[in-house]
Amino acid sequence: MLKNQEFVGVVSRLGSNGEGIIKEGNYTVFIPYALPNEKIKYKVLKAKNNVVFAKAIEIYTPAEERVRPQCPVYEKCGGCQLQHLKYKLQLKLKTKTVKDCFSKIAFIDTKVPLTERSELEYGYRNKLQLPVRAENFGCEIGFFASGSHRIVPINGCPIHPEWCTRVIKAIKKYVKMNNISVYSDRAGDGLLKHVVVRAVDGKLLITFVINGDVLPCVNELIATLKEYFNDFSLFVNINKLGNNVILGERFICLFGKDKVITNDCGIKYEIGPASFMQVNDNVKRRIYQEAVKSAEVDSETVVIDAYSGAGMLTAIFAQRAKKAIGIEIIKEAVECADSLKNINSLGDKMENICAPCEDVLPEIMKRERAENAKCVLVVDPPRQGVDEKLINAIKETKPDKVIYISCSPQTLARDVGLLTDTLTRKDGELVKNEEPNPIYEIDLVKPYDMFPQTKHVETLVCLTKKS
């Protein structure tokens, strides 16, 4: 197969990214937005060895599962991959993705229930990140096209609530009326780079990210925002770096309160413009509830929360356990966790440690074991998964249970394979362990649809130490 050649074929199945897959001789062809059993005409975009990437030109026989996307720029934006699938099929696809990762990466055949649906299929996100760029026709606001820094202009976004549309209108009005310069990736100049918004209990925390020191016409901006919103705080964030990082370290509150105090899962906590938040509140609550249930904590249990971030889950466990210990390497997050501890009067029941988890976990486990405590380890790592040094520390210290919350089925399967000994390292490579001697067994694998209309899935796994 050569670039720009056109072919006709029938889609056999879906890939983990939601793309249709066609087998053509020795070639495997990946075609975004195509569905199983659809007969389509497609054009080759790129071919390497026997793997081909193509785009659909015409769909001759649409699948019954196909629906009309709600977003007018769906195939241009790249933020969503599954709006053309009925929601029930999206859940099945994510279940299959998790199960396939365990099977193919970790050589584990485990039961995976249907992915838990989100209460909201659209309008669920509580966080919005809008790049603002200088393009040929002036200021453009939207999202980056997949794999590029080219803006796809939008007036609103279906996976965000209605306030997203009003935010965009307010930005456009402020920029136009006050002649505000906007950032150019090519030239590296211009002032306004991004607008980031967080919604907390009906209040918006709005941050203007600038390539400079001063945001001009602040009073005019506040007046404009008041036309669209009743309850908001306004911040400016300084980011003069020319990389892909959205937020700089420095925030300045220009209007309203700098933090919002809210209550969730029985925990009172503060949210500021830089605080970490799961984007889907309803699904987050269900995952945390399942984590607590699976951990089976009681008044004799010590919970160690690795990658604890701002301490929300640590505090939830502290209310129920003998003690909860959060371990986090980022100093600012640990300071937030300490604030959380004080607000909720958790005293000696919550401890926050700023250190790499693999460095301190063995000593903490040794200390708690000396007091005959039942120990549960919770890990909620970033997309790259758990550091292998920490995996080795877990196998050495042997917590009674390991609760693993993951946003990446691939790294989750790898780490669970290492913890259950189906994977071993040989000559620097991870390979199947032909003679496993597992310390842990899988009690539960449960996927959640934290991100409807996208390929992403959140998964909770419970591992129990073998007796």
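All figures in this text were calculated on a predicted structure; none of them were measured in a lab.
Between P216 and I180 the shortest heavy-atom distance is CG-CD1, 3.6 Å. Taking both residues in full, the closest heavy atoms of V132 and C139 are given as CG1-SG, 3.7 Å, listed atom of the first, atom of the second, then distance. Considering every non-hydrogen atom in both T165 and G156, the closest pair reads OG1-CA, 3.6 Å. I261 and E270 make their closest contact through CG1-CG, 3.8 Å (heavy atoms, listed as atom of the first residue, atom of the second, distance). For the pair T459 and V445, the tightest heavy-atom approach, listed with the atom from each and the gap, is CG2-CG1, 3.9 Å. Here the closest non-hydrogen pair linking I329 and C354 is O-SG, 3.7 Å.
D449 has no carboxylate O lying under 4.0 Å from a charged side-chain N of R117, or vice versa, which leaves the two without a salt bridge. With salt bridges taken as basic N to acidic carboxylate O contacts below 4.0 Å, one links R166 and E162. Checked for salt-bridge contact, E58 and K41 miss the test: no charged N lies under 4.0 Å from a carboxylate O. A salt bridge does not link E65 to K88: none of the charged side-chain nitrogens sits closer than 4.0 Å to a carboxylate oxygen.
Counting only distance, with no hydrogens or angles, the side chain of T61 and the backbone of K39 share a donor-acceptor pair below 3.5 Å. Proximity of a side-chain donor or acceptor of Q278 to a complementary backbone N or O of K284 within less than 3.5 Å is not detected. With S103 contributing its side chain and K99 its backbone, the two residues share no donor-acceptor pair below 3.5 Å. Under the 3.5 Å distance criterion, the side-chain polar atoms of S181 are matched with a main-chain donor or acceptor of L191. When atom types are taken as modelled, the side chain of R198 and the backbone of K127 share no donor-acceptor pair closer than 3.5 angstrom. With hydrogens and angles disregarded, no donor-acceptor distance shorter than 3.5 Å links the side chain of R13 to the backbone of I21. Formation of a donor-acceptor pair under 3.5 Å by the D415 side chain with backbone atoms of V386 is found in this model. Put simply, the side chain of N237 gets close to the backbone of G248: a donor and an acceptor are under 3.5 Å apart. The closest donor-acceptor contact from the side chain of D264 to the backbone of R285 lies at 3.5 Å or more, if one exists at all. In this structure, the side chain of D387 engages the main chain of K389 through a donor-acceptor pair within 3.5 Å.
Within the model, atoms OH of Y288 and CD1 of I316 stand 6.5 Å from one another, a figure rounded to the nearest 0.5 Å.
Side-chain contact check for L423 versus V431: every heavy-atom pair is 4.5 Å or farther apart. Residues E135 and R186 meet the side-chain proximity criterion, which asks for heavy atoms closer than 4.5 Å. Looking at T411 and R414, their side chains come closer than 4.5 Å, going by heavy atoms from C-beta outward. For the pair L215 and L221, the minimum side-chain heavy-atom distance is below 4.5 Å. Residues L128 and W163 have side chains in contact (heavy-atom distance under 4.5 Å, counting atoms from C-beta outward). Side-chain contact between V182 and V175: present, with at least one pair of heavy atoms (C-beta onward) separated by less than 4.5 Å.
Of the candidates R150, R133, K193, R133 is the only one forming a side chain to side chain donor-acceptor pair (under 3.5 Å) with D185. Between V457 and the choices V98, L412, L93, the side chain to side chain contact (heavy atoms under 4.5 Å, CB included) rule is met once, by V98.
Under a cut-off of 6.0 angstrom, the local environment of CG in N263 is crowded, with over 12 non-hydrogen atoms contributed by other residues, nucleotides or ligands. Crowding of E119 atom CD: a count of heavy atoms from other residues, nucleotides or ligands under 6.0 Å not exceeding 12. The number of heavy atoms from other shown groups lying within 6.0 Å of CD (E249) does not exceed 12. Annotation for N243: atom CG counts as buried by contact number, over 12 foreign heavy atoms lying within 6.0 Å.
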- Test R286 against E116 for side-chain contact (heavy atoms from CB on, under 4.5 Å), laying out the working first. CA-CA 9 Å; R286 280 185 275 151; E116 281 226 4; 2.8 Å; yes

- Query: Do K23 and T28 pass the side-chain contact (heavy atoms from CB on, under 4.5 Å) test, and can you show the C-alpha distance, the side-chain angles, and the key distance before you say yes or no?
  - Reply: CA-CA 5 Å; K23 290 291 290 185; T28 302; 3.1 Å; yes

- Task: Evaluate the criterion side-chain hydrogen bond (donor to acceptor under 3.5 Å, both in side chains) for residue pair N280 and S118; output intermediate values, then yes/no.
- Result: CA-CA 8 Å; N280 189 325; S118 170; 3.1 Å; yes

- For F451 and Y124, run ring-ring contact (aromatic ring centres under 6.0 Å, His included): C-alpha distance rounded to whole Å, both residues' side-chain angles, the deciding distance at 0.1 Å, then the answer. CA-CA 8 Å; F451 316 97; Y124 60 87; 7.5 Å; no

- Message: If you apply the rule side-chain contact (heavy atoms from CB on, under 4.5 Å), what do you find for V236 with T207, and how did you get there?
- Response: CA-CA 5 Å; V236 64; T207 301; over 6 Å; no

- Worked verdict on K173 versus E227 for salt bridge (charged side-chain N to carboxylate O under 4.0 Å, His left out): CA-CA 11 Å; K173 185 171 182 179; E227 295 177 18; 2.6 Å; yes

- Checking salt bridge (charged side-chain N to carboxylate O under 4.0 Å, His left out) for the pair E38/R66: CA distance, chi angles, key distance, verdict? CA-CA 10 Å; E38 290 186 332; R66 180 174 288 279; 2.7 Å; yes

- Test side-chain contact (heavy atoms from CB on, under 4.5 Å) on L2 and V44 and set out the steps. CA-CA 7 Å; L2 300 175; V44 175; over 6 Å; no

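Note: F143 and H160 have parallel aromatic rings, judged against thresholds of 30 and 60 degrees for the angle between ring planes.
Applying the salt bridge (charged side-chain N to carboxylate O under 4.0 Å, His left out) test to pairs two or more places apart or on separate chains, none has a residue in residues 67-80. Applying the ring-ring contact (aromatic ring centres under 6.0 Å, His included) test to every pair with at least one member in residues 5-52, sequence neighbours left out, gives these pairs: F7-Y42, F30-F53, Y33-Y74, Y33-H84.
Looking only at atom types and distance, the side chain of T115 has a donor-acceptor partner in the side chain of T95 under 3.5 Å away. Defined by atom type and a distance below 3.5 Å, a donor-acceptor pair is present between the side-chain atoms of Q453 and Q90. Side chains of T262 and K268: a donor-acceptor N/O pair is absent below 3.5 angstrom, by distance only. Looking only at atom types and distance, the side chain of N50 has no donor-acceptor partner in the side chain of N26 under 3.5 Å away. Looking at K203 and N230, their side chains never bring a donor and an acceptor atom within 3.5 Å of each other.
Side-chain rings of F235 and F255 stay apart, their centers remaining 6.0 Å or farther from each other.
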